[in-house]
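For reference, the structure discussed in these notes is given below.
The structure displayed is predicted, hence computed values, not measured ones. Both counts, for ligands and for their atoms, begin at 1 and track the order of listing.
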Amino acid sequence: MTKFATESAMNHELLAKYEPVIGLEVHAQLLTRTKIFCSCSTQFGDLPNSNVCPVCLGLPGTLPVLNKRVVELGIRASLALNCAVHEHSRFARKNYFYPDLPKGYQISQFELPLATGGWVEIDHDDKFKRIGITRLHLEEDAGKSLHDGFTHSAEKTYVDFNRCGTPLSEIVSEPDMRTPDEAYAYLTTLRQILLYTGVSDCNMEEGSLRCDANVSVRLRGTRGFGTKVEVKNLNSFRYLAKALEYEIERHIGVIESGGRIVQETRLWNQAASKTEPMRSKEKAHDYRYFPEPDLLPVHVSNAWRGEIRASLPELPAAKRARFVSALAVTPYDAEVLTDTQSLADYFEAVVIAGAPGKAAANWMQTELLRRLNVSGKEISCSPVSPAALAGLVSLVESGKITGAVGKKVFATMFETGRSAADIVAAEGLGAQVSDAAIEQAAREVIERNPDNVAKFKSGNEGVFKFFVGQVMKATKGQANPQVINDTLRKLLS
Ligand SMILES: [Zn+2]
């Protein structure tokens, strides 16, 4: 897992005296084609105010109709996060005024959320830890205020209502994280699960995944919670870690100098590398929540929930465990190979096509991923298919070509899309040099180097490598190293 260098100015002893307590609230846009309460498109990047209708503009007299697919995706996420999905949940009105919220209230779930009581397991520094999930609820997004880029931006704010009514799931964690690294690992794990289940595209640049953090500190060894601050605007994994580090030190600094932390919402200012106060934190009663009168309660039958559970894919953690136990790869390999569903699928396809797990894992992590990375291609667009890679692996594993030749063949496969067998035959790389030819080459090398033969016979084992190198050179790197070894041992004994 990624670690961040602490750029801390605060001394280590002072930091160690306090324990941070961190919880995250993550908003993930659900991957539907249409909005949560109307049939407008959710397409990102369309012309401002082109995907709007009377319902999502909140015009008087309109009525919301719940999009079933939103509930389905919400249930899917909840089950993957080990939550209890409730038979009955309900939408409520959260009242507040904001220019990008034309109704004057947001429809969200409040006292009866879709699901509660889940967990995810994070792997941080090879230690596993469960992070509790308090709740997952459904809600609509607000529009977007645009502060620059338009003719009158200097004196006006523009509003784009396209995002109004886009479906969100809000996933609230327990305050179970104790370091910025753990928070980073939690968000990474959560994102991977949402991607595997196809619930969200989790695109942070487009705002499909947004994260707010609640953070406080307490004296290490104590059990009560300190005053918490909510930090918003954490629209990248890096900002999350940096903002938490900043905020933890700020809290300790205030407390140590005899001050008190004020409960408030702060914004991360990336340019200034610090958090800044935004507003004092509202309490729930400020929003005057009440049940949404225009929508029926949400009912999830056992049958529907069971159907969705049965359709869940194998999740990343289970896949990693299976790769290690059934396909004999290392835990590190498994972590790399399950990074995305398509990478894991590719790996399994190579194995199904006949390659041993460990060899397939090695070729993918060295040659394939490196070349994909350099050429900026996704695994789904790999010029080398899983079956073609398995073909190459089998030529190397069976000793028909050496590993070194295999790498050259792979480079040609990647550029041309041709099969390994094809390239080996066409370029005469073919394995191999026969055993007789190896023996011939070995005899010649021995004959030409009587001094080294004498050294070897007097017990200088190091000189053996010299002979192997010479025979390898004589056979242009195409001979099987094991056969060279055996032949030389035989001739030199
Ligand atoms: Zn609409």
For this session: Can you label the angle between the W363 ring and the F410 ring as parallel, tilted or perpendicular, going by 30° and 60°?
Result: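 Correct class here is tilted.
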Problem set entry | Basic-acidic side-chain contact under 4.0 Å: K17, E256 |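 Salt bridge between K17 and E256, a charged N being under 4.0 Å from a carboxylate O: yes.
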Exercise. Counting no waters, what protein N/O/S atoms lie under 2.8 Å from the Zn ion (ligand 1)?
Worked result: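 Atoms qualifying: C38 SG, C40 SG, C53 SG, C56 SG.
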For this session: Only one of N67, T42, N51 passes side chain to side chain donor-acceptor pair (under 3.5 Å) with T34; say which it is.
Result: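 Of the listed residues N67, T42, N51, the side chain to side chain donor-acceptor pair (under 3.5 Å) partner of T34 is N67.
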Exercise. Should the pair K242 and Y239 be classed as cation-pi, given the thresholds of under 6.0 Å to the six-membered ring centre and 45° from the axis?
Worked result: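 Output no; distance or angle outside limits.
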Exercise. Between K35 (side chain) and N162 (backbone), is there a donor-acceptor pair under 3.5 Å?
Worked result: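 Side chain of K35 to backbone of N162, a donor-acceptor pair under 3.5 Å: yes, one is there.
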For this session: Would you please name every residue forming a ring-ring contact (aromatic ring centres under 6.0 Å, His included) with Y96, sequence neighbours left out?
Result: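 So Y96 forms a ring-ring contact (aromatic ring centres under 6.0 Å, His included) with Y287.
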